[in-house]
Amino acid sequence: MAQSVGIKDVARAADVSVGTVSNVINRPDTVAAATRARVQAAIERLGYVRSESARQLRAGHSRIMGLLVLDMGNPFFVDLARGAERAARSAGLGVMVCNSAQDPAEEAEYLSLFAEQRVRGVLLSPADASGRNIAAFRRHEIPFVLVDRVAEDTTESSVSVDDVAGGGLAVRHLLDEGHRSLAYVSGPPGLHQVRDRRTGALGALADAGLGPEALREVPTERLDVAAGRDAGARLLGLADRPTAVFCANDLLALGVLQSMYAAGVRIPEDLALVGYDDIEFASAAAVPLTSVRQPAVTMGTLAAQMLLAEIEGHRPGEAERRVVLQPELVVRRSSMGR
C-alpha cells in the first residue's frame, strides 16, 4: 500500500520549512511568489492532499454544512438541497445531505453523526414531533435552522411555507369547481405539514358554510407514491366516493392517479385531484396535476444563508428569525372540467 504524502514531504521536496508550506496552503499572500510557485510545484508532483481531519482538529469544526430532510426520494427535498448547496458553496462550505426517511430514530442517529463530524451548522426538516431530538442536539451548541417547519416556542430560526394557506388554496379551488364532497389523503399525523394543510382545507370548507364532515381523511403512513396507490384503492372501495381529492403532497397524488387510471376512473371527469409541492413530475403526469407550489429552491437558499449568518455570529432579530413564504396554486387539467 502506498504511503500517504505529508506536509513534511512537501517541505523536503521544495527545500522550505513546514511553516512555509502551511502558509502557502492557508495564507498564500504571505509567501513570496517564487517560493510559492516552488511549493505548489512540489504539491502537484507529490500528489499531496491536505488532511481535512487534521485541519478539523485544529480548527474545532469542519467545512461541512449538514442537511437532514424527511425524504430524498421526494423531488421537493432535492430542489431544497440544491438551493442550500448553492448558498453553502458560495461560502466555501460543502453540504452533507442525509435522509431521515421520516423516522425519528434515524433522525437522532444523523444528528449524532453531524455532531461527531463537527459540522459548521445544520439545516433540519424535523421528523420527530416531540422535539426530543432537537433538544438533545442543542446541547452540542452547533447552529441549526429548521426548514419546511415553523420554529414555534423556541429560539431557533426557521424557513417555511404557510401550509395552512396552501391547504386553503387547494380546497377553495375545488369548491369553486363545484365540488362539495372531498377527501384529504394525508400522511403521518405527527408531521406539522400534514396537520397544517388539513387545517387550511377545513378552514376553506368553513368559509363556504360546510362542516368538517365534507372532508373525509384517508391517512397514510408515508408520503410516497406507493402510499398514494394504497389510498387510491381505499377510495375506490367507498360506496359514496368523493368527487374531489386533495393530497398532502404530489407523490401521494401521483399514486392516487395511478390507482384511478388502472380502475378506469377518469381524471378529472369522475374525480378531481390536487397535489402539493408542484414537483417537476406534476406537469408531466398522464393527466397534468394541479398542485400547490412551494418555492423549494428559494427555501433552501434562504435557510442556508440564515445559517451562514448565524455561524458568523450574526443573530437575526425576532421578526427576521421566522421566514414564512407564501404558496401558489398551479391549476392544470387534473382538477378542471367537471
Side-chain angles (χ1 to χ4, degrees), residues 1 3-7 22 25-27 43 47-74 76-149 151 154-159 296-297 299-316:
M1 182 181 293
Q3 190 172 6
S4 62
V5 176
I7 194 170
S22 177
I25 295 170
N26 298 298
R27 295 177 296 278
I43 287 173
Y48 168 75
V49 178
R50 178 170 63 175
S51 170
E52 175 62 19
S53 59
R55 190 210 64 80
Q56 199 170 303
L57 283 171
R58 291 192 300 273
H61 53 69
S62 72
R63 292 186 296 124
I64 297 295
M65 176 187 294
L67 171 61
L68 182 54
V69 300
L70 294 173
D71 181 11
M72 278 306 293
N74 186 340
F76 165 77
F77 287 109
V78 176
D79 287 344
L80 191 150
R82 200 151 45 91
E85 182 185 27
R86 187 180 301 163
R89 286 182 64 186
S90 70
L93 299 182
V95 178
M96 180 191 295
V97 182
C98 298
N99 177 27
S100 71
Q102 303 167 39
D103 184 343
E106 289 280 330
E107 177 180 86
E109 289 186 15
Y110 278 123
L111 289 174
S112 293
L113 175 64
F114 288 155
E116 291 170 9
Q117 294 297 315
R118 304 183 185 187
V119 298
R120 296 298 303 274
V122 172
L123 301 177
L124 171 63
S125 184
D128 178 25
S130 73
R132 284 191 292 269
N133 286 344
I134 289 177
F137 185 70
R138 195 180 285 118
R139 295 198 301 265
H140 297 291
E141 298 185 346
I142 296 173
F144 66 93
V145 171
L146 302 182
V147 190
D148 195 31
R149 157 87 177 275
T154 178
T155 59
E156 271 71 51
S157 300
S158 65
V159 180
V297 175
M299 193 183 306
T301 301
L302 289 175
Q305 289 172 342
M306 186 180 293
L307 181 60
L308 289 167
E310 294 197 17
I311 288 170
E312 295 300 320
H314 305 303
R315 187 65 175 159

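Scored by the side-chain hydrogen bond (donor to acceptor under 3.5 Å, both in side chains) test, Asn99 finds no partners at all (sequence neighbours excluded). Applying the side-chain contact (heavy atoms from CB on, under 4.5 Å) test to Ala309 and every residue at least two apart in sequence or in another chain returns His314. For the side-chain contact (heavy atoms from CB on, under 4.5 Å) test, residues two or more places apart in sequence or in another chain that qualify with Arg139 are Ala136. Evaluation of the side-chain contact (heavy atoms from CB on, under 4.5 Å) rule for Ala91 yields Leu308 as partners, not counting sequence neighbours. In terms of the ring-ring contact (aromatic ring centres under 6.0 Å, His included) criterion, Phe114 has no residue partners (sequence neighbours excluded). Residues that satisfy the side-chain contact (heavy atoms from CB on, under 4.5 Å) test with Ala303, not counting sequence neighbours, are Leu123, Val145, Val147, Val159.
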Please test Leu146 against Ser157 for side-chain contact (heavy atoms from CB on, under 4.5 Å), starting from the C-alpha separation and ending with a verdict. CA-CA 6 Å; Leu146 302 182; Ser157 300; over 6 Å; no
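The SG atom of Cys98 lies 6.0 Å from the CG atom of Leu113; values are rounded to the nearest 0.5 Å. Here CE of Met96 is found 12.5 Å from CE of Met65. Values are rounded to the nearest 0.5 Å. Between atom CG of residue Leu70 and atom CZ of residue Phe76 there is a gap of 9.0 Å, rounded to the nearest 0.5 Å. The CG atom of Leu111 sits 8.0 Å away from atom CD1 of Ile134, with the distance rounded to the nearest 0.5 Å. One finds the OG atom of Ser125 at 7.5 Å from the CG atom of Leu80 (value rounded to the nearest 0.5 Å). The CG atom of Leu67 sits 14.0 Å away from the CZ atom of Phe144 when rounded to the nearest 0.5 Å.
Side-chain contact check for Ile64 versus Gln117: every heavy-atom pair is 4.5 Å or farther apart. Contact annotation: the side chain of Ile142 approaches that of Val119 to within less than 4.5 Å [non-hydrogen atoms, C-beta and beyond].
For residues 80-92, the set of pairs meeting the side-chain hydrogen bond (donor to acceptor under 3.5 Å, both in side chains) definition, not counting sequence neighbours, comprises Asp79-Arg82. Screening residues 101-112 for side-chain hydrogen bond (donor to acceptor under 3.5 Å, both in side chains) gives Glu107-Asn133 as the qualifying pairs, with residues at least two apart or on separate chains.
Contact record, Arg120 with Pro143: O-CD, 3.4 Å, taken as the closest heavy-atom pair. Ala304 approaches Ala87 most closely through the heavy-atom pair CB-CB, 3.6 Å.
Side-chain atoms of Thr301 come within 3.5 Å of backbone atoms of Gly83 as a donor-acceptor pair (strictly under, hydrogens ignored).
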